[in-house]
Amino acid sequence: MNILAFGPNGSGKGTQGAIVKEKYGMDHIESGAIFREHIKGGTELGMKAKAFIESGDLVPDEITIPMVLETLAKSKDKGWLLDGFPRSLAQAEALDKALDESGMGLDYVLEIELDREIAKERIMGRRLCANDNNHPNHIAFDAIKPVEKDGELVCRVCGGELSARADDQDEEAINKRHDIYYDDKTGTMAAVNYFKNKGTAKVIAVDGSKAINAISEEIMSQLG
Ligand code: AMP
């Protein structure tokens, strides 16, 4: 099963992606997380991407597109949920072409809809687990609240160290990321509409303002 997951930063897309991955055993591919791994590992790609990410700008397509397509190809047999890509119409077209050429199909387009202001409030409270990117933690949601250990907040799943992403604490970077997301001319909403209009994958649209388990139940009920 192959799924494209869309939703503004802060909509809970990563949280839902982790739940779907767990249930269906597919790979959860997050373009932003791949970049962060590269930055952590000090790779050349990471060094090239760092400044773009910190300011909330898109990493150029010549770096991003091959990186994501190579990762996708490795998950061909297992199936994937792709999160964070495509973020523009140009990336949508490149992905569509690559899927055609590789014989990989697209089964679902998941869209988590959320008002921009609510999404912005949510971004600042999320925390990243040092051990596993698929361990969602958020200081404002009981269902995924970090736990306290020796006076520190740690990951609720594994007790790992938590951090806040620099681009999640920077209002200008958040605004830039949301400008890109809600842009329906060439930005991410244009990519969403591209795949919706193509009409080959089933569209699952959910209300991102609902509780985490209500959203995941709705998604599961619509996934075959
Ligand atoms: P995310 O974790 O999805 O919020 O992504 C963090 C950052 O990584 C973004 O703000 C971009 O700088 C970069 N990034 C992630 N995905 C893409 C993409 N598809 N195209 C370009 N840049 C991306």
Side-chain angles (χ1 to χ4, degrees), residues 3-18 21 27-41 43 45-72 75 80-99 106 109-112 114 116 119-130 132-138 162-183 186-192 194-195 208:
I3 307 174
L4 275 189
F6 291 102
N9 303 95
S11 63
K13 183 167 39 86
T15 303
Q16 295 300 334
K21 169 203 156 102
D27 285 330
H28 181 198
I29 301 171
E30 287 186 76
S31 47
I34 303 174
F35 282 129
R36 285 187 287 279
E37 280 301 308
H38 275 281
I39 293 172
K40 217 167 153 185
T43 70
L45 192 152
M47 286 189 286
K48 282 186 190 158
K50 193 168 187 280
F52 296 102
I53 292 175
E54 282 173 354
S55 60
D57 289 305
L58 290 184
V59 178
D61 280 352
E62 59 268 29
I63 300 174
T64 307
I65 293 176
M67 178 189 86
V68 173
L69 296 183
E70 274 163 31
T71 311
L72 265 191
S75 298
W80 41 261
L81 180 141
L82 181 56
D83 169 348
F85 185 98
R87 257 177 159 90
S88 66
L89 185 57
Q91 290 184 359
E93 288 166 351
L95 174 65
D96 193 20
K97 186 165 169 266
L99 292 181
L106 179 63
V109 172
L110 169 64
E111 185 188 4
I112 303 183
L114 192 63
R116 184 170 174 150
K120 188 170 164 180
E121 279 168 25
R122 286 187 179 182
I123 286 184
M124 294 189 153
R126 60 185 186 183
R127 297 291 178 267
L128 214 59
C129 170
D132 192 328
N133 192 48
N134 278 293
H135 289 171
N137 286 271
H138 196 292
L162 292 179
S163 62
R165 284 167 46 180
D167 59 341
D168 281 356
Q169 306 303 310
D170 174 344
E171 208 167 335
E172 206 180 314
I174 295 172
N175 285 337
K176 257 195 224 171
R177 285 186 282 158
H178 281 159
D179 282 346
I180 296 166
Y181 186 81
Y182 292 101
D183 170 4
T186 58
T188 311
M189 280 313 297
V192 176
Y194 177 93
F195 282 102

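Order of listing sets the numbers, starting from 1, for every ligand and every atom in it. The structure presented is a predicted model; accordingly, all values stated were derived computationally and were not measured.
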Positive for side chain to side chain contact (heavy atoms under 4.5 Å, CB included) with Leu82, one of Ile29, Leu106, Leu110: Ile29

All heavy atoms of Phe6 vs all of Pro86, minimum pair found to be CE2-O, 3.4 Å

Just verifying a value: how many Å separate Leu114 CG and Tyr182 OH, rounded to the nearest 0.5 Å? 5.5 Å

Please write down residue, atom name and distance for the protein heavy atom closest to atom 16 (N) of ligand 1. Ser31 OG, 2.7 Å

How far is atom 14 (N) of ligand 1 from its nearest protein heavy atom, and which residue and atom is that? Phe35 CE1, 3.6 Å

With respect to Asp179, which candidate in Arg87, Lys120, Arg116 satisfies the salt bridge (charged side-chain N to carboxylate O under 4.0 Å, His left out) definition? Arg116

Partner of Asn133 under side-chain hydrogen bond (donor to acceptor under 3.5 Å, both in side chains), chosen from Glu37, Glu30, Arg36, His28: Glu30

Gap separating the CD1 atom of Ile123 from the NE2 atom of His178, nearest 0.5 angstrom: 4.0 Å

Does Lys21 have any salt bridge (Lys or Arg N to Asp or Glu O under 4.0 Å) partners at least two apart in sequence or in another chain, and if so, which? none

For atom 2 (O) of ligand 1, what is the closest protein heavy atom, and at what distance to 0.1 Å? Arg36 NH1, 2.9 Å

Side-chain donor-acceptor contacts of residues 57-69 below 3.5 Å, not counting sequence neighbours, with atom names and distances?
residue: Asp57; atom: OD2; partner: Ser55; partner atom: OG; Å: 2.8
residue: Asp57; atom: OD2; partner: Lys176; partner atom: NZ; Å: 3.2
residue: Asp61; atom: OD1; partner: Gln91; partner atom: NE2; Å: 3.0
residue: Thr64; atom: OG1; partner: Val59; partner atom: O; Å: 3.1
residue: Thr64; atom: OG1; partner: Pro60; partner atom: O; Å: 3.1

contact_flag Lys176 ligand 1 heavy-atom lt 4.0 Å: no

Note: heavy atom closest to atom 20 (N) of ligand 1, options Arg87, Gln91, Lys50, belongs to Gln91

For ligand 1, find out whether one of its N or O atoms is nearer than 3.5 Å to an N or O atom of Phe85. no

Could you list which atoms of ligand 1 come closer than 4.0 Å to a heavy atom of Arg177? 4 (O), 10 (O)

For ligand 1, note which part of Asp57 has a heavy atom under 4.0 Å away: side chain, backbone, both or neither. backbone

Closer than 4.0 angstrom: is that true for some heavy atom of Arg165 and an atom of ligand 1? yes

Using distance alone, determine whether Gly56 and ligand 1 share an N or O pair under 3.5 Å. no

Atom 22 (N) of ligand 1: nearest protein contact (heavy atom, Å): Val59 N, 3.0 Å

Heavy atom under 4.0 Å from ligand 1: found in Thr64's side chain, backbone, both, or neither? side chain

Is it true that, when you exclude Lys50 itself, more than 12 heavy atoms of the residues, nucleotides or ligands shown sit nearer than 6.0 Å to its NZ? no

Going by the 4.0 angstrom heavy-atom rule, the piece of Asn9 near ligand 1 is side chain

Identify the closest protein heavy atom to atom 8 (O) of ligand 1: which residue and atom is it, and at what distance? Ile53 CG1, 3.6 Å

